[in-house]
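Everything quoted here is computed from the prediction, not taken from an experiment.
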Amino acid sequence: NVVGVASGDFSGWAMHMFWKGLEQGMTTAEASRYYIKFRDEASDRGSLVHSIIEDTIEDGFAYPYDLPEQPTEKLSELVDAYNGLGYVHAFQRFCEDFRPDFIEQESTVYGQTNPDSPHAFDYAGTTDFVARIGGKTVVGDWKNTKSLHGSVAVQLAAAKYADMKA
């Protein structure tokens with residue numbers, strides 16, 4: 001995520017989750033914390049998916065990429081805890097469709113939005129990967145949401161135009 005580029009107000013989403021909790025029969029107290037539970041579960045699931053993808057890339061894989069015959073502990077946890085095999089299949093389809101040659105993972109980037117600024121950099125962040133796809137170098141961030149928000153475009157543009165990568 002790129003720090004210092006965009007932030008959001010999630011109060012509307014928290015209220016939506018409160019009402020959703022009430023609809024599911026939660027008490028008012030439970031429903032008022034439902035967004036935290038939902039957010040934390042999504043964060044845990046996302047971290048696990050990222051970790052599986054990172055391990056797969058580090059271990060190297062050939063095309064066509066197939067799931068291992070003996071699931072790893074992480075893959076078993078993803079399936080058991082989150083019914084999350086679809087995330088791995090999405091990565092598999094991405095690799096089949098685009099045939100990325102992964103160059104880096106978790107690359108830190110620094111950039112400057114105002115060339116007249118006295119500061120060397122006014123934002124920094126981390127991209128999930130840098131790869132060569134179709135003869136072009138691309139930066140990417142793995143997402144496991146149903147929809148992409150505008151902040152994702154800002155985040156990836158900031159990474160693409162960063163002055164320095166570490």
Side-chain angles (χ1 to χ4, degrees), residues 1-3 5-10 12-21 23-24 26 30-31 33-109 124-160 162 165:
N1 293 331
V2 175
V3 178
V5 175
S7 63
D9 175 11
F10 296 101
W13 174 75
M15 184 58 71
H16 167 77
M17 295 306 293
F18 170 77
W19 288 111
K20 193 171 182 175
E23 289 172 357
Q24 293 178 12
M26 294 179 188
E30 291 168 333
R33 294 185 301 275
Y34 183 51
Y35 78 96
I36 296 169
K37 179 179 184 280
F38 189 89
R39 178 203 62 199
D40 291 351
E41 285 177 359
S43 176
D44 291 346
R45 182 184 61 245
S47 294
L48 187 57
V49 170
H50 274 70
S51 180
I52 290 168
I53 290 171
E54 288 167 10
D55 290 351
T56 301
I57 293 170
E58 281 179 20
D59 291 345
F61 61 92
Y63 296 106
Y65 167 63
D66 288 319
L67 295 174
E69 287 184 29
Q70 289 295 328
T72 63
E73 185 178 322
K74 290 178 185 176
L75 186 55
S76 294
E77 180 184 347
L78 180 66
V79 171
D80 294 344
Y82 303 107
N83 193 23
L85 200 54
Y87 299 107
V88 178
H89 285 248
F91 171 69
Q92 188 178 20
R93 282 191 308 275
F94 170 79
C95 290
E96 289 298 319
D97 290 349
F98 296 101
R99 304 265 176 168
D101 177 17
F102 293 102
I103 300 166
E104 292 181 57
Q105 292 192 83
E106 295 295 322
S107 177
T108 302
V109 297
T126 305
T127 63
D128 285 338
F129 69 88
V130 178
R132 297 274 305 157
I133 297 177
K136 296 181 180 179
T137 302
V138 300
V139 296
D141 196 73
W142 304 116
K143 299 296 181 195
N144 57 4
T145 61
K146 290 182 181 177
S147 61
L148 294 178
H149 306 283
S151 61
V152 172
V154 172
Q155 176 186 354
L156 292 176
K160 178 181 178 182
K165 295 178 172 68

Closest heavy-atom contact between [X] and [Y]?
{"X": "Ala131", "Y": "Pro100", "value": "CB-CB, 4.1 Å"}
{"X": "Val130", "Y": "Thr137", "value": "CG1-CG2, 3.7 Å"}
{"X": "Val139", "Y": "Ala159", "value": "CG2-CB, 4.1 Å"}

Any side-chain heavy atom of [X] within less than 4.5 Å of one from [Y]?
{"X": "Tyr35", "Y": "Lys20", "answer": "no"}
{"X": "Arg99", "Y": "Glu96", "answer": "yes"}
{"X": "Asp128", "Y": "Glu106", "answer": "yes"}
{"X": "Leu48", "Y": "Ile52", "answer": "yes"}

Phe129 atom CZ, over 12 foreign heavy atoms within 6.0 Å: yes
Cationic N near anionic O, under 4.0 Å, Glu41 to Lys37: yes
Return the [atom1] to [atom2] distance between [X] and [Y], rounded to the nearest 0.5 Å.
{"X": "Gln92", "Y": "Ile53", "atom1": "CD", "atom2": "CD1", "result": "11.5 Å"}
{"X": "Met17", "Y": "Met26", "atom1": "CE", "atom2": "CE", "result": "7.5 Å"}
{"X": "Phe98", "Y": "Arg93", "atom1": "CZ", "atom2": "CZ", "result": "11.5 Å"}
{"X": "Glu104", "Y": "Ile57", "atom1": "CD", "atom2": "CD1", "result": "12.0 Å"}

Audit row: Thr56, Glu54, side chain to side chain contact (heavy atoms under 4.5 Å, CB included) steps and yes/no: CA-CA 5 Å; Thr56 301; Glu54 288 167 10; over 6 Å; no
Geometric class of the Phe94/Phe102 ring pair [parallel <30°, tilted 30-60°, perpendicular >60°]: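 The arrangement is tilted - the two ring planes meet at 30° to 60°.
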Sub-6.0 Å ring centroid separation between Trp142 and Tyr87: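 Centroid separation for Trp142 and Tyr87: 6.0 Å or greater.
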Side-chain donor or acceptor of Arg33 paired with backbone N/O of Ile36 under 3.5 Å: no
Side-chain donor or acceptor of Ser51 paired with backbone N/O of Ser47 under 3.5 Å: no
